[in-house]
Amino acid sequence: MLNRLSDTIYYLSNQEDKERPTLGLVCGDRYSLIIDAGNSPRHAKDFLIEIEKLNVPQVKYVVITHAHWDHFLGMNEFDATIIVNHQTNELIKEWQRLSYDDRSLQKYVTTNQMSAMCMEIIQTDMPNRDRFKLKSPDVIFENTLTIDLGNKVCILERIKSTHTDDSTIIYIPDEKVVF
């Protein structure tokens, strides 16, 4: 179930037991923007089902806040423009080179390229993944990018944080909200 932050901003709460981060939705008059794509195609589909229950404009953009797997592995499910900062894009490229069969996943866990929790969620939420290929982002920005959703501006800014060096924040000035 989506939580309503304002008339134009919603979020799907995180689920720690499933390693699902909070996902956001910002709605303008013409378009909507999603914040993070989820930890798997299943997570992304669950979010899209909740969005369909709302009367909001078409989702045109998905912004990935950083390159931790639980924030981008669901991005193939969105028929939208995927936006990342330059450093996030470089890190996602590493995930695009991976194979997602059980044997490969186990190897990544053994060599500390992937957590056991990540492997378990991929195996559970992506049963048919033999040919899975993570798509490439569509828009790559350096430091800042402003998106107008129609009477709703979102400012994307790349920052360094204690969580990761490739973080992007999304600021909605008229709501004074930061994701």
Side-chain angles (χ1 to χ4, degrees), residues 1-93 95 134-179:
M1 181 170 127
L2 291 182
N3 300 288
R4 185 176 179 166
L5 195 59
S6 73
D7 289 342
T8 61
I9 301 174
Y10 302 83
Y11 66 95
L12 184 67
S13 293
N14 72 310
Q15 292 177 274
E16 286 191 35
D17 61 323
K18 294 184 177 183
E19 199 75 27
R20 286 183 166 188
T22 299
L23 304 181
L25 174 68
V26 181
C27 306
D29 290 342
R30 290 191 317 263
Y31 306 110
S32 295
L33 175 144
I34 287 176
I35 300 165
D36 283 328
N39 72 352
S40 68
R42 178 76 260 153
H43 189 196
K45 287 175 186 172
D46 290 347
F47 189 40
L48 286 168
I49 288 167
E50 292 300 317
I51 292 170
E52 285 175 13
K53 296 175 184 176
L54 303 173
N55 183 24
V56 298
Q58 165 199 357
V59 173
K60 185 169 183 177
Y61 306 102
V62 176
V63 178
I64 307 299
T65 59
H66 61 287
H68 288 166
W69 66 273
D70 55 325
H71 292 260
F72 66 80
L73 275 181
M75 73 183 184
N76 288 13
E77 297 304 312
F78 296 96
D79 184 20
T81 301
I82 307 292
I83 302 171
V84 299
N85 72 51
H86 177 73
Q87 189 174 359
T88 298
N89 185 58
E90 292 305 309
L91 295 167
I92 286 174
K93 283 180 184 178
W95 284 81
L134 194 61
K135 72 180 182 179
S136 295
D138 302 296
V139 174
I140 300 155
F141 71 95
E142 286 298 322
N143 296 312
T144 62
L145 179 66
T146 300
I147 298 173
D148 185 354
L149 302 174
N151 227 11
K152 183 68 59 188
V153 170
C154 297
I155 300 169
L156 284 54
E157 184 172 340
R158 180 174 171 238
I159 64 165
K160 288 195 184 237
S161 74
T162 55
H163 185 63
T164 180
D165 288 340
D166 72 308
S167 292
T168 293
I169 59 167
I170 296 87
Y171 176 53
I172 302 97
D174 67 327
E175 303 269 2
K176 295 183 177 36
V177 170
V178 175
F179 276 90

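- By the salt bridge (charged side-chain N to carboxylate O under 4.0 Å, His left out) test, Arg158 pairs with no residue at all, sequence neighbours left out.
- When all heavy atoms of Ala37 and Val62 are compared, the closest pair comes out as CB-CG1, 4.2 Å.
- Across all non-hydrogen atoms, the minimal contact from Phe179 to Tyr10 is CZ-O, 4.2 Å.
- Distance check: Asn3 CG to Ile9 CD1 gives 13.0 Å after rounding to the nearest 0.5 Å.
- The residues Asp7 and Arg4 are annotated as salt-bridged, a charged nitrogen and a carboxylate oxygen being separated by less than 4.0 angstrom.
- How far CD of Glu77 is from OG of Ser40: 8.5 Å, rounded to the nearest 0.5 Å.
- Shown here are the side chain to side chain contact (heavy atoms under 4.5 Å, CB included) partners of Lys152, two or more places apart in sequence or in another chain: Thr8, Val26, Leu149, Ile172, Asp174, Glu175.
- Heavy-atom minimum distance, Ile170 versus Cys154: CG2-CB, 4.1 Å.
- When all heavy atoms are compared, the tightest approach of Ala44 to Gly74 is CB-O, 3.4 Å.
- With rounding to the nearest 0.5 angstrom, the CG atom of Asn39 is 11.0 Å from the CG atom of Asn14.
- Of all the heavy atoms in Leu73 and Pro41, the pair that sits closest is O-CD, 3.9 Å.
- Checked against Ile147 for a side chain to side chain contact (heavy atoms under 4.5 Å, CB included), the options Val139, Val153, Ile83 give a single hit: Ile83.
- A donor-acceptor pair under 3.5 Å links the side-chain atoms of Asp36 to the main chain of Thr65, judged by distance alone.
- In this structure, Asp148 contributes its side chain and Gly28 its backbone to no donor-acceptor pair below 3.5 Å.
- For His66, the ring pair (Phe, Tyr, Trp, His ring centres under 6.0 Å) partners two or more places apart in sequence, or in a different chain, are His68, His71, His163.
- Here the side chain of Asn89 pairs no donor or acceptor atom with the backbone of Val84 at under 3.5 angstrom.
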Q) Are Thr81 and Asp138 close enough, and set up right, to give a side chain to side chain donor-acceptor pair (under 3.5 Å), and what steps lead you there? A) CA-CA 6 Å; Thr81 301; Asp138 302 296; 4.9 Å; no

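- Note on residues 38-63: no pairs pass ring pair (Phe, Tyr, Trp, His ring centres under 6.0 Å), not counting sequence neighbours.
- Looking at every heavy atom in both residues, Trp69 comes nearest to Glu19 through CZ2-CG, 3.4 Å.
- Contacts classified as salt bridge (Lys or Arg N to Asp or Glu O under 4.0 Å) and involving residues 160-173 (residues at least two apart or in different chains) are not found.
- Within the structure, the side chain to side chain donor-acceptor pair (under 3.5 Å) test picks out the following pairs touching residues 25-34 (sequence neighbours left out): Asp29-Asn151.
- Heavy-atom neighbours of Asn55 CG from other residues, nucleotides or ligands within 6.0 Å: at or below the threshold of 12.
- Although no hydrogens or angles enter the test, the distance criterion places no donor-acceptor pair under 3.5 Å between the side chain of Thr164 and the main chain of Ser167.
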